[in-house]
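Structure, as structure tokens:
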Amino acid sequence: MNGFLAELGKRVAERWAVLVVLPGLLFTAVAAVGLTLRHAHWADAALLSRSLADLTASGGSGGSVRTAVLLLGVLAASVGSALVARALAVPAGHVLAGRWAYLPPSWGEALT
């Protein structure tokens with residue numbers, strides 16, 4: 001039974017990483033690049049490289065701790081953005097398809 005549960009845990013973790021973390025990580029990376037470069041410097045790869053180097057530069061003894069905290073923050077942001085995107089997917093699909101919430105006939109008469 002332990003082998004079965006261990007294999008099930010590995011499968012769940014693998015599916016979770018593929019379905020939640022990777023799309024969230026892509027969205028978070030694109031948003032971070034957009035916030036870093038802004039509209040005026042959208043194609044400035046040197047500015048992006050300098051900003052990344054400044055962010056990960058080890059200023060003393062806490063460089064590895066800073067990098068670990070940064071990676072945990074990126075992971076948390078990617079999971080959060082993926083969960084928000086999944087939560088808003090169905091309502092956005094309904095809005096785009098034109099399926100609005102049902103209004104009782106008395107409300108429709110009051111709106112006209």
Exercise. Taking side chain to side chain donor-acceptor pair (under 3.5 Å) as the test, write out the residues that go with S81, two or more places apart.
Key: T28

Acceptor/donor pairs from residues 39-53 side chains to any protein atom, 3.5 angstrom cut, sequence neighbours excluded:
unit_1, atom_1, unit_2, atom_2, d
D44, OD1, A46, N, 3.4
D44, OD1, L47, N, 3.3
S51, OG, L47, O, 2.9

Exercise. Look at the side-chain heavy atoms of Ile, Leu, Val, Met, Phe, Trp and Tyr, link any pair under 4.5 Å apart, and say whether L83 and L75 land in one connected group.
Key: yes

Quiz item: Any idea which heavy atoms bring A82 and G24 closest together, and the distance?
Solution: CB-CA, 3.9 Å

Quiz item: In chain order, what residues pass the salt bridge (Lys or Arg N to Asp or Glu O under 4.0 Å) check against R11, with sequence neighbours excluded?
Solution: E7

Self-check item: Other cluster members, L71 - Ile/Leu/Val/Met/Phe/Trp/Tyr, side-chain contacts below 4.5 Å
Solution: none

